[in-house]
Novice: 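Encoded as structure tokens, here's the structure I'll be asking about.
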2 protein chains.
Amino acid sequence: MSVQQAIREMETLLGKERVLTTIEDLACYAFDATADMPSHRPDAIVLPQTTEEVQAIMRIASKHKTPIYPRGAGTNLSGGTIPLKGGVVVTFQRMNKILEIDAENLTATVQPGVVIQSLNTAVAPYGLIYPPDPGTVSTATMAGSTAECSGGLRGLKYGVTKHYIMGLEVVLANGEKFRCGGKTVKNVTAYDLVKLFTGSEGTLGIITELIVKLIPAPESRKSMLAIFSDLDDAGKAIAGIISAKVIPATLEIMDKTTIQTVESFSHAGLPTDAEAVLLIEVDGIPEVVAKEAESVEEVCKQFKGNVRVAETDKERDQLWAARRAALPALAQKSPTTVLEDATVPRSRIPEMLRAIRQIAKKYDLLIGTFGHAGDGNLHPTILCDERNEEQMKRVHKAVDEIFRVAVDLGGTLSGEHGIGMAKMKYLEWELGATGVDVLRRIKEALDPEYLLNPGKMVAGRN
Amino acid sequence: MSVQQAIREMETLLGKERVLTTIEDLACYAFDATADMPSHRPDAIVLPQTTEEVQAIMRIASKHKTPIYPRGAGTNLSGGTIPLKGGVVVTFQRMNKILEIDAENLTATVQPGVVIQSLNTAVAPYGLIYPPDPGTVSTATMAGSTAECSGGLRGLKYGVTKHYIMGLEVVLANGEKFRCGGKTVKNVTAYDLVKLFTGSEGTLGIITELIVKLIPAPESRKSMLAIFSDLDDAGKAIAGIISAKVIPATLEIMDKTTIQTVESFSHAGLPTDAEAVLLIEVDGIPEVVAKEAESVEEVCKQFKGNVRVAETDKERDQLWAARRAALPALAQKSPTTVLEDATVPRSRIPEMLRAIRQIAKKYDLLIGTFGHAGDGNLHPTILCDERNEEQMKRVHKAVDEIFRVAVDLGGTLSGEHGIGMAKMKYLEWELGATGVDVLRRIKEALDPEYLLNPGKMVAGRN
């Protein structure tokens, strides 16, 4: 078999210790963090240490038409790293060095396997931060989160991963490499290849080095909890905060189902009779924080919100621990947790929340919704059991409807999880047949054989 | 001739009054704002009023293989809109409506021909701004500045055009249209097509509608002039300001040649014996502005800068009038002004300025340099006379060397003007042969016949 021949050539290239083929290894890489997805074992896992090795791996793969799956920590939520068609997983544990911290130009240069949190720890002594903060910062890698264009809680004020990727080194399907972007804040040299490869989910090339933007860490911050007994009031408060010209670092929402579940899980003191709570954090220099916190409080009160301000670090930590408990709390209620990331314009959040509630009722499902209200990025989370076939049919119908509503409200299929395997079937709803054809033409221009992460985002013609 | 047949079909489509073919009209569209470029008359100029008309124009062009040049106000500085290979210019004077201002979602939806300043005037009553501010805000159009990904003075703090384009409607070479992006702050649905078409210089598709991001207008601002008798001190002050965790809205530099020229032109009170001046503006809420202005002043003084703070609006306006006079002042000294936008990492600015001075000496040319120091985006401006063939040879050699140095210092060929015709020959220096091949593959995937803005950015294989 040619895949076996490819693996033998990779063993010659890397040595047997960096080509994993035991059944235990293959089983570990057959799935990722995404629920309700088919799993599939790769034929091997390889661990390159240099860009040149990645190039050589791709040349071998090209010769033998072996599918290749670049993989960071596998924390994505769209089935993005499942080796669906067999072949070889390329993982970057051995390419995990921070190559440079350039405080003068506010950049860091890193290898693909660096964990996001490690970068933040390394830049902290310079008073700098790398703002993107997906829930998995302590495990997700820089290249993985770049390929997926991860979001997180600070998207409204600070943007998401794509806003911080300044330069890339990329290995193409044919084994050639190139660099684009760099340390300049401004760069309009030709097509924005940095942005094209950011969020390309490993389907166009393999990221082997990154230059990222850092920013000064905010001097201070203040967190608040606002409790609403009416969903529309919560929606009005969200709009009102922005209208008051405050852009909070974080502006999160949890619905009733989520509040009740979190409270029974963590006893954080959340009001179980509320329809919705907002969790808000403003940051910046102390003068700004004081002023903005006051504005936020006023707006929330204006819309009948009951506001609690975290006065101490401990109170702040408790508040955010409750938010972080949302997913684990929901997850422990059922064997399977289908976590989606339907995203709508900020002003349509109440409509979206109501639609999700109706869909839950229609299909007799328990759906908790929480998420990033400031940027309209909601996480409807369906509690189910993937062993229950009849229930899963209802789940799939509910998910279909959730995305249909999101697109109809002027939203998008994915705010931060990407398309992967999970949402390919919906792509035409958002981009139309012509838009999907544009994706396919770009994919085929750079990877005509569909060697890179096949079965993800862009379906081949056959 | 098939181009004449195409024009006849476009006359049938649009009526004769929207298809311009007089010699006067053709002459007006033969060039753009870029100096030292060949001019070339189009065969016709067409004025569509709807997206459907743009689609029909592209279908006619496809049928007859007629080159098409989308054009805004022609203010670009890279020869981006010159109809180099003949054919038809598509201009958007008749598609210049602001379709929606959505204050709640902080977006505006506009047609391609809207002038940037008109948008800012329209959103001002909402307390909002559209931050990108190329020098030509009062004439440049939204689609033109998007296709070129224009920069401007506020890039350091606010970013450039690409950071504000959220959604696009695009007509492809084959006449099909699609939409990508939208009003959601987060969107990771498939490849970032919005960013791909932004800065694509009209070579991949025609932008027929845009959704752009607005932000709250800063409440207050403070401007300063810092005078340095040593270039390195000015460079250290730039780095020092950023190290002090201040990100000014504007941080501009003018070198000695520029200072002297501006002063003799406008008598603004600039110090003609200085080696460099920095012009700095901080903005935000009053408390922040006061604090940041103080930090900036301290840093400048630390590096022997002599600081003048604009205490009144009039003083502020005078200061920025002097900066805006840089190009006209330099331009009136000679018949031809070759304005470049070499860009380097912020920390390399003194090296770049010194290199430009040496190049000027080597080729016996007068080069004034000013620009956006905060983001390393410099404008070396060569004063010359395009009728002087011998001198122009030296100019071209000097330009080659300036870009060679910029790339060698880790910079880029273009911070904000784009590639167009002007910089195609340098592309491999930055992207390598593989990177240029990636551009070509993307171009050919979407426009295999090179119908859209041919001769710009990506050279055909033949």
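To find a chain, count down the sequence lines: A is the first, B the second, and so on, and within it residues start at 1. Predicted model, so just to flag it, every value in this text is computed and none were measured.
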Novice: Is it the side chain or the backbone of I285(B) that comes within 4.5 Å of chain A heavy atoms, both, or neither?
Specialist: side chain

Novice: When only pairs under 4.5 Å are counted, which of G410(B), S200(B), A217(B) shares the most heavy-atom pairs with chain A?
Specialist: S200(B)

Novice: Which bit of A190(B) comes within less than 4.5 Å of chain A, counting heavy atoms only: side chain, backbone, both or neither?
Specialist: both

Novice: Which members of residues 153-166 of chain B, sorted by number, sit under 4.5 angstrom from chain A on a heavy-atom basis?
Specialist: G155(B), V160(B), K162(B)

Novice: Taking L427(B), I238(B), V194(B), L193(B) one by one, which has the highest count of heavy-atom pairs under 4.5 Å against chain A?
Specialist: L193(B)

Novice: Examine whether an atom of Y126(B) lies under 4.5 Å from a heavy atom of chain A, and if so say whether it belongs to the side chain, the backbone or both; otherwise answer neither.
Specialist: backbone

Novice: With only heavy atoms counted, which part of L431(B) is less than 4.5 Å from chain A, the side chain, the backbone, both or neither?
Specialist: both

Novice: Closest heavy-atom contact between E176(A) and T434(B)?
Specialist: OE1-OG1, 3.0 Å

Novice: Below 4.5 Å from any heavy atom of chain A, which atoms of L172(B) appear? Answer side chain, backbone, both or neither.
Specialist: side chain

Novice: I'd like to verify something: which residue of V436(A), V288(A), I242(A), I215(A) has the highest number of heavy-atom pairs under 4.5 Å with chain B?
Specialist: V288(A)

Novice: V458(B) versus chain A, heavy atoms under 4.5 Å apart: side chain, backbone, both or neither?
Specialist: side chain

Novice: Among T203(A), T198(A), I419(A), V438(A), find the residue that satisfies the side chain to side chain contact (heavy atoms under 4.5 Å, CB included) test when tested with Y191(B).
Specialist: T203(A)

Novice: Could you have a look at S78(A), P216(A), A239(A) and say which one has the most heavy-atom pairs with chain B under 4.5 angstrom?
Specialist: P216(A)

Novice: Checking S243(B) against chain A: side chain, backbone, both or neither under 4.5 Å from a heavy atom?
Specialist: neither

Novice: Under 4.5 Å, heavy atom to heavy atom: which of residues 180-189 of chain B reach chain A? Give them by number, or say none.
Specialist: C180(B), K183(B), T184(B), V185(B), K186(B), N187(B), V188(B), T189(B)

Novice: If you count heavy-atom pairs under 4.5 Å with chain B, which of G240(A), G284(A), S414(A) comes out on top?
Specialist: S414(A)

Novice: Please flag which part of N377(A) lies under 4.5 Å from any non-hydrogen atom of chain B: side chain, backbone, both or neither.
Specialist: side chain

Novice: If contact means a heavy atom pair closer than 4.5 Å, which residues of residues 344-352 of chain B contact chain A?
Specialist: V344(B), P345(B), R346(B), S347(B)

Novice: Highest number of heavy-atom pairs under 4.5 Å with chain A: which of L446(B), N174(B), I442(B)?
Specialist: L446(B)

Novice: According to ring pair (Phe, Tyr, Trp, His ring centres under 6.0 Å), who are the partners of H379(B), at least two apart in sequence or on a separate chain?
Specialist: F370(B), H372(B), H417(B)

Novice: Charged N to carboxylate O below 4.0 Å: is that the case for K291(B) and E219(A)?
Specialist: yes

